[in-house]
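I have placed the structure first, in the form of structure tokens, so that the comments after it can refer back to it.
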Amino acid sequence: MIVRDQLARRLAALLRDDPRRVLLGEDARDGGMLGLTRACVEDPELEARVIGTPLVPALALAHAGGLAIAGLRPIVALPSAAALYEGFAALRELCRLSLCTDDERSAPALLLAPCGPGLGLGGDGADELSSLLAPLSGLRVLACSDPREAAALVREAAEFTAGEQPTVVLLPRDQLFVDVGDPVDTLEEPVALRRLRHGDRATVFCWGAATARALAAVDALEVAVDVIELRALSPLDRAGLVAAAARTGKLVIAHPGPSAFGVAAELAALFADAAILHLDAPVLRVGGEAGPLARDTEGRALPSVAAITEAILRVVTF
């Protein structure tokens with residue numbers, strides 16, 4: 001079963017588990033633009049809780065905010081993370097609900113945002129919006145790196161165990177149509193950070209679609225390198241990140257998108273501030289090309305394996 005269908009089944013299960021949950025999205029009553037709402041629509045008991053919204057992201061987010069204030073738990077299936085460009089003002093207001101009401105109201109709204117290259121969309125379709133979303137006060141931003149865990153990560157986010165704040169899950173498009181067999185049902189480790197490879201020569205930090213390329217680069221080298229996956233991009237596990245950086249003192253950050261600004265820059269600043277006495281080389285950031293990119297070049301939005309390999313060798317031999 002491909003990841004898209006696993007996610008569709010997960011959303012149906014989430015609605016069955018909690019009658020407060022409702023599912024919104026463009027063409028949601030027809031299965032959604034990517035088919036994520038299909039399993040809910042096909043279930044007569046769930047169909048009434050699937051709400052089709054106009055092709056205006058701001059309206060969907062504003063509607064989700066109203067539902068959240070009323071005590072429901074809306075899930076918004078966005079056609080693309082790029083829709084948040086248009087809906088950013090509504091998203092900002094959604095995030096301010098608890099602040100403006102002195103925590104008397106919460107906004108447990110979950111946004112599923114496909115991002116990055118993978119469907120030949122080019123243009124804004126190849127964008128990775130963590131740089132826009134992570135600085136937004138009151139928003140929790142999670143990134144899926146392993147397609148086997150996509151449904152489990154969505155389940156974790158929908159339970160709001162870390163607090164009833166608006167949450168965005170970034171879902172790399174290049175994972176949605178991958179057949180991974182049996183999915184992971186429950187995350188066994190905390191969401192924030194996870195070590196994927198063990199080594200003492202350098203540390204690579206990565207997330208989203210850049211993770212597979214970082215692992216490919218490390219596995220091709222005859223160098224023992226730590227690989228740390230970030231699942232939570234906001235808020236950051238600052239203590240865990242600093243501890244991981246201090247362990248080797250030679251750091252590479254693989255960013256799934258242009259790395260000049262945003263999460264990669266924030267990580268570099270954090271390490272320069274809190275781990276400076278442990279650093280033995282410059283902190284290197286490796287990202288993709290800035291967009292918009294054409295359909296046949298959208299893969300350049302991700303850092304290449306060669307570029308990550310070069311960065312690792314540079315810090316190791318510094």
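Just the heavy atoms: all of them, side chains too, but no hydrogens, waters or symmetry mates, feed the values below. Heads up: numbering here begins at 1 and tracks the sequence.
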> Same cluster for L112 and V178 if Ile/Leu/Val/Met/Phe/Trp/Tyr side chains link at under 4.5 Å?
Replying inline: yes
>> With clusters defined by side-chain heavy atoms of hydrophobic residues (ILVMFWY) lying less than 4.5 Å apart, directly or transitively, does M33 cluster with V56?
In response: no
>> Quick one: does any side-chain atom of D280 pair with a main-chain N or O of G249 as donor and acceptor, under 3.5 Å?
In response: no
> Could you state the interatomic distance from OG1 (T37) to CD1 (I51), rounded to the nearest 0.5 Å?
Replying inline: 12.0 Å
> Who pairs with R9 by salt bridge (charged side-chain N to carboxylate O under 4.0 Å, His left out), at least two apart in sequence or on another chain?
Replying inline: none
> What are the two closest non-hydrogen atoms of L46 and C40, and how far apart are they?
Replying inline: CB-O, 3.6 Å
> Excluding sequence neighbours, so at least two apart, what forms salt bridge (charged side-chain N to carboxylate O under 4.0 Å, His left out) with E86?
Replying inline: none
>> Could you check whether R247 pairs with D200 (Lys NZ or Arg NE/NH1/NH2 to Asp/Glu carboxylate O, under 4.0 Å)?
In response: no
> Does a side-chain heavy-atom distance below 4.5 Å link D43 with V41?
Replying inline: no
Acceptor/donor pairs from residues 261-271 side chains to any protein atom, 3.5 angstrom cut, sequence neighbours excluded:
from : atom 1 : to   : atom 2 : distance (Å)
E266 : OE2    : R238 : NH2    : 3.0

>> I'd like to check the salt bridge (charged side-chain N to carboxylate O under 4.0 Å, His left out) partners of R201; sequence neighbours left out, ordered by chain and number.
In response: none
> Does L34 reach the side chain of L119, with side-chain heavy atoms less than 4.5 Å apart?
Replying inline: yes
>> Please give me the minimum heavy-atom distance between E42 and P44, naming the atom from each residue.
In response: O-CD, 3.5 Å
> Among all residues two or more places apart in sequence or in another chain, which pass the salt bridge (charged side-chain N to carboxylate O under 4.0 Å, His left out) test with R314?
Replying inline: none
> Nearest 0.5 Å, what's the CG-CZ distance between L91 and R96?
Replying inline: 12.5 Å
>> With heavy-atom distances below 4.5 Å as the criterion, would you say the side chains of L72 and R21 are in contact?
In response: no
>> Is it the case that the side chain of R213 and the backbone of V305 share a donor-acceptor pair, with hydrogens and angles ignored and the cut-off at 3.5 Å?
In response: no
>> Tell me the closest heavy-atom pair linking A62 and A90, and the distance in Å.
In response: N-CB, 4.2 Å
> Hey, does V169 have a side-chain heavy atom less than 4.5 Å from the side chain of V141?
Replying inline: no
> Any side-chain heavy atom of L94 sitting closer than 4.5 Å to one from L97?
Replying inline: yes
>> Tell me every residue that passes side chain to side chain donor-acceptor pair (under 3.5 Å) with E149, counting only those two or more places apart in sequence or in another chain.
In response: R194, R231
> Going by the side chain to side chain donor-acceptor pair (under 3.5 Å) test, which pairs reach into residues 132-147, not counting sequence neighbours?
Replying inline: S145-T211, S145-E229, D146-R148
>> So I75 and V22, do their side chains get closer than 4.5 Å, heavy atoms only?
In response: no
>> Starting from L284 and following side-chain heavy-atom contacts under 4.5 Å between hydrophobic residues (I, L, V, M, F, W, Y), which residues can be reached?
In response: L196, V204, L215, V218, L221, V223, V225, V227, V252, V286, I308, I312, L313, V315, V316
>> Return the CZ to CG distance between R4 and L171, rounded to the nearest 0.5 Å.
In response: 13.0 Å
>> Do L78 and L84 make a side-chain contact, defined as non-hydrogen atoms from C-beta onward lying under 4.5 Å apart?
In response: yes
>> Please evaluate residues L153 and L187 with respect to the criterion side-chain contact (heavy atoms from CB on, under 4.5 Å), reporting the C-alpha separation (whole Å), side-chain torsions for both, the decisive distance (0.1 Å), and the verdict.
In response: CA-CA 7 Å; L153 185 64; L187 298 181; 3.9 Å; yes
> Of all heavy-atom pairs between A107 and A68, which one has the smallest distance, and what is that distance?
Replying inline: CA-CB, 3.9 Å
> Which pair of heavy atoms, one from S131 and one from H255, lies closest together, and at what distance?
Replying inline: OG-NE2, 3.8 Å
>> So C144 and W207, do their side chains get closer than 4.5 Å, heavy atoms only?
In response: no
> Given the rule that I, L, V, M, F, W and Y join up when any side-chain heavy atoms are under 4.5 Å apart, are L302 and L176 in one cluster?
Replying inline: no
> Going through the checks in order, is the side-chain contact (heavy atoms from CB on, under 4.5 Å) test met by H63 and L24?
Replying inline: CA-CA 9 Å; H63 196 175; L24 295 78; 3.9 Å; yes
> Do any pairs count as a side chain to side chain donor-acceptor pair (under 3.5 Å) and have a residue in residues 44-57, sequence neighbours left out, and if so which ones?
Replying inline: R29-E47
> Hey, is D30 close enough to R38 for a salt bridge, meaning N to O under 4.0 Å?
Replying inline: no
> How many angstroms lie between atom OG of S130 and atom CG of L132, to the nearest 0.5 angstrom?
Replying inline: 9.0 Å
> Is a salt bridge present between D226 and R195, judged by a nitrogen-to-oxygen distance below 4.0 Å?
Replying inline: yes
> Should L61 and F88 be marked as a side-chain contact (heavy atoms from CB on, under 4.5 Å) after you check the CA-CA gap, both sets of side-chain angles, and the distance that decides it?
Replying inline: CA-CA 9 Å; L61 296 175; F88 191 76; over 6 Å; no
> Could you state the interatomic distance from CD (E298) to CG (D174), rounded to the nearest 0.5 Å?
Replying inline: 9.5 Å
> If you look at every heavy atom in T297 and L293, which pair is closest and at what distance?
Replying inline: O-CD1, 3.6 Å
> Can you list every pair that meets side chain to side chain donor-acceptor pair (under 3.5 Å) and has a residue in residues 112-123, with sequence neighbours left out?
Replying inline: none
>> If hydrophobic clusters are built by linking Ile, Leu, Val, Met, Phe, Trp and Tyr wherever their side-chain heavy atoms come under 4.5 Å apart, do I253 and L236 end up in the same one?
In response: yes
Name the atoms and distances for all side-chain donor-acceptor pairs under 3.5 Å in residues 158-167, with sequence neighbours left out.
from : atom 1 : to   : atom 2 : distance (Å)
E159 : OE2    : R155 : NE     : 3.4
T161 : OG1    : E156 : OE2    : 3.3
E164 : OE1    : S106 : OG     : 3.0
E164 : OE2    : R73  : NH2    : 2.2
Q165 : NE2    : G138 : O      : 3.4
T167 : OG1    : Q165 : O      : 3.0

Review item, side-chain donor-acceptor pairs of residues 239-246, under 3.5 Å, at least two apart:
none

> Roughly how far apart are L36 CG and L11 CG, rounded to 0.5 Å?
Replying inline: 6.5 Å
> What do the steps show when you test R173 against S80 for side-chain contact (heavy atoms from CB on, under 4.5 Å), and what is the final call?
Replying inline: CA-CA 9 Å; R173 283 192 186 86; S80 169; 2.6 Å; yes
> Any donor and acceptor pair, going by atom type alone, linking the side chain of R10 with main-chain N or O of A152 inside 3.5 Å?
Replying inline: no
>> Quick check: is L55 connected to L23 through a chain of hydrophobic side chains (ILVMFWY, heavy atoms under 4.5 Å apart)?
In response: no
